[in-house]
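Everything numeric in this text was worked out from a predicted model, so none of it was measured.
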Amino acid sequence: MTNFVQDDIAWGPSSIRDKSSYLYTYACHETERELCFMELAELFGHMPDGEDWLESEQWVDPDRSPFLSACLDVRVTGDSIEQMAEQAGQIQLRNATFKVVSLKAGDPYTYDQLREFERRVGSRIAGTAQMKSPDITFGMISIDGIWRLGILQEPARAWLKHKQKPQNYSTGLSARLARALVNIAAPEPDGVMLLDPCCGMGNVLIEALSMGISVEGCDINPLAVRGARVNLKHYGYDDNIVAIHDMNTWQGHYDAAILDLPYNVCSVFPEEEKLKMLHSLHRLADRAVIISTEPLREHLRETGWKVLHHSTTRKGSFVREIWLCVSIPQDRNQISSSRSCPGG
């Protein structure tokens with residue numbers, strides 16, 4: 001963990017000063033790769049640059065994403081490890097301990113090579129090395145032969161404790177998936193009001209709240225709402241943000257929504273019910289992440305949604321389809337027709 005102020009470090013004349021540059025590393029299972037790319041594209045505005053890294057001038061707290069493994073605030077670049085060691089010799093620390101970490105991403109090196117790089121660069125830094133609990137962690141990485149050195153921040157992943165909810169069910173959204181969905185729905189969270197109109201046990205609500213995002217939820221199932229309230233209270237959140245209510249009669253308008261459409265492994269979810277929910281969602285939010293267990297593109301078009309991005313994620317044979325959409329304005333005749341569709 002890095003815990004310091006900028007005055008603790010003097011970088012030397014060759015450091016990057018005029019523009020911020022961040023190097024992020026990420027990791028995901030192959031069954032989540034589409035979801036991972038979808039989330040990172042929304043957070044950073046572009047797809048990853050490499051198979052395990054991306055570069056951006058934009059700062060994103062790596063703890064937000066379940067896929068980001070580190071963020072390197074790049075201050076020094078060079079063409080070789082020798083040049084890195086030379087420039088590290090210009091770094092001076094004031095009353096701060098440090099360690100150096102070679103990131104596993106980027107150009108392939110063996111374990112022994114990475115440890116040797118750390119020793120060569122670390123031995124040149126003017127300061128006190130501390131391997132267990134340093135004030136500052138320097139990170140370095142080589143990509144296409146270009147080395148980067150800077151301040152390393154690794155995520156604390158406090159959200160992992162959300163996996164141990166008092167109330168849950170086997171087919172509910174995992175904390176990892178729920179967190180990614182929140183980031184896709186609200187990549188720029190400041191001032192955003194989020195809705196989960198089929199909130200179940202509150203997984204999306206908890207992840208949104210843990211990132212400081214304002215959120216409300218409802219569910220037509222009283223047992224689900226009861227479970228959501230138990231889970232919210234367990235993690236110290238206000239359980240009044242969730243209510244027993246049918247989303248088709250829910251009032252209000254939100255910046256974004258996350259709708260996990262109901263499904264039943266033993267029966268078919270009626271088409272008219274599905275269409276009614278998608279119509280209602282169109283009334284409630286301008287942007288939505290919609291989760292389904294079957295193709296939905298034609299239903300989305302019919303109910304006034306434009307698909308921006310689509311991905312799938314798998315758990316065994318169970319496949320979820322994830323649709324990022326924005327609402328298309330409808331004329332009054334269309335809206336009147338949509339609100340009179342049967343179901344509910």
Side-chain angles (χ1 to χ4, degrees), residues 1 25-36 38-40 43 60-71 132-133 153-186 189 194-244 257-265 289 291 293 311-320 322:
M1 183 177 179
T25 59
Y26 68 91
C28 62
H29 190 271
E30 61 181 8
T31 59
E32 300 175 309
R33 194 165 185 82
E34 290 183 16
L35 173 68
C36 172
M38 187 176 185
E39 186 214 46
L40 295 179
L43 287 175
V60 173
D61 185 344
D63 219 17
R64 278 191 64 186
S65 169
F67 303 115
L68 291 177
S69 52
C71 172
K132 290 188 177 180
S133 301
Q153 181 177 348
E154 297 175 295
R157 300 196 184 281
W159 60 268
L160 287 174
K161 65 185 179 182
H162 300 158
K163 296 169 66 175
Q164 308 299 324
K165 296 179 180 68
Q167 301 290 318
N168 220 331
Y169 47 83
S170 61
T171 57
L173 300 176
S174 67
R176 184 178 179 87
L177 175 55
R179 196 167 187 86
L181 296 176
V182 171
N183 285 328
I184 293 167
L194 189 65
L195 173 69
D196 183 353
C198 288
C199 68
M201 295 290 180
N203 294 349
V204 164
L205 305 179
I206 290 168
E207 296 311 315
L209 291 168
S210 73
M211 290 187 275
I213 298 173
S214 298
V215 64
E216 293 180 352
C218 66
D219 200 292
I220 201 170
N221 184 345
L223 294 178
V225 171
R226 184 185 305 170
R229 287 174 175 161
V230 169
N231 289 335
L232 287 164
K233 290 179 71 174
H234 178 75
Y235 293 110
Y237 298 121
D238 183 4
D239 63 343
N240 290 317
I241 66 166
V242 62
I244 303 170
I258 297 174
L259 172 62
D260 186 13
L261 283 168
Y263 52 86
N264 191 321
V265 294
V289 175
I291 305 96
T293 57
S311 68
T312 61
T313 182
R314 300 172 182 271
K315 184 178 180 181
S317 61
F318 187 67
V319 180
R320 282 188 169 96
I322 299 164

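- Side-chain polar atoms of Ser210 and Arg179 form a donor-acceptor pair below 3.5 angstrom.
- A distance of 4.5 Å separates CD1 in Ile291 from CG in Leu181, rounded to the nearest 0.5 Å.
- Using a 4.5 Å cut-off on side-chain heavy atoms (C-beta onward), Tyr237 and Asn231 make no contact.
- By the 4.5 Å heavy-atom criterion applied to side chains, Cys36 and Tyr26 are counted as neighbours.
- The only option from Arg64, Glu207, Met38 that meets the side-chain contact (heavy atoms from CB on, under 4.5 Å) definition with Asn183 turns out to be Arg64.
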Given Ile244 and Ile220, is the side-chain contact (heavy atoms from CB on, under 4.5 Å) satisfied, shown in steps?
CA-CA 5 Å; Ile244 303 170; Ile220 201 170; over 6 Å; no

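- Nearest heavy-atom pair, Asn240 versus Asp238, reported as atom, atom and distance to 0.1 Å: N-OD1, 2.9 Å.
- Put simply, CG on Leu35 and NE2 on His29 are 13.5 Å apart, with the number rounded to the nearest 0.5 Å.
- Side-chain contact between Leu68 and Asp61 is absent, with no heavy atoms from C-beta onward closer than 4.5 Å.
- Formation of a donor-acceptor pair under 3.5 Å by the Asp219 side chain with backbone atoms of Val225 is not found in this model.
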Open item on the list: Set out, in order, the CA-CA distance, both residues' side-chain angles and the distance that settles side-chain contact (heavy atoms from CB on, under 4.5 Å) for Leu195 and Val215, then state yes or no.
Closed with: CA-CA 6 Å; Leu195 173 69; Val215 64; over 6 Å; no

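- Looking at heavy atoms from C-beta onward, Pro62 lies out of side-chain contact with Glu154 at the 4.5 angstrom threshold.
- Of the possible donor and acceptor atoms, none in the side chain of Asp196 sits under 3.5 Å from a partner among the backbone N and O of Val204.
- Between Val289 and Leu259 there is no side-chain heavy-atom pair separated by less than 4.5 Å.
- Take Arg320 and apply the salt bridge (Lys or Arg N to Asp or Glu O under 4.0 Å) test, not counting sequence neighbours, and it matches no residue.
- Atom CZ of Arg157 has more than 12 heavy atoms from other residues, nucleotides or ligands within 6.0 Å.
- The side-chain heavy atoms of Ser65 and Leu43, taken from C-beta on, include a pair separated by under 4.5 Å.
- Inter-residue side-chain proximity for Gln167 and Arg229 is flagged as unmet; no heavy-atom pair is nearer than 4.5 Å.
- In this structure, the separation between CG on Leu261 and SG on Cys198 is 7.0 Å, given to the nearest 0.5 Å.
- Between Asp63 and Ala156, the shortest heavy-atom distance links the atoms OD1-N, 3.3 Å.
- Note on residues 208-236: pairs passing ring-ring contact (aromatic ring centres under 6.0 Å, His included), not counting sequence neighbours, are His162-Tyr235.
- In this structure, the side chain of Asp239 does not engage the main chain of Lys233 through any donor-acceptor pair within 3.5 Å.
- In this structure, Arg176 pairs ionically with Glu32, as a charged nitrogen and a carboxylate oxygen lie closer than 4.0 Å.
- Residue Phe318 holds its CZ atom at 10.0 Å from OG1 of Thr313, rounded to the nearest 0.5 Å.
- One distance of note links SG of Cys199 with CD1 of Ile241; it measures 8.5 Å at 0.5 Å rounding.
- For Glu34 (side chain) and Thr312 (main-chain N/O), a donor-acceptor pair under 3.5 Å exists by modelled atom type.
- When all heavy atoms are compared, the tightest approach of Cys28 to Phe67 is CB-CD2, 3.7 Å.
- The main-chain N or O of Ala178 is never found under 3.5 Å from a side-chain atom of Asn203 such that the two would form a donor-acceptor pair.
- Pro189 approaches Ile213 most closely through the heavy-atom pair CB-CG1, 3.5 Å.
- Side-chain contact between Leu209 and Ile206 is absent, with no heavy-atom pair separated by less than 4.5 Å.
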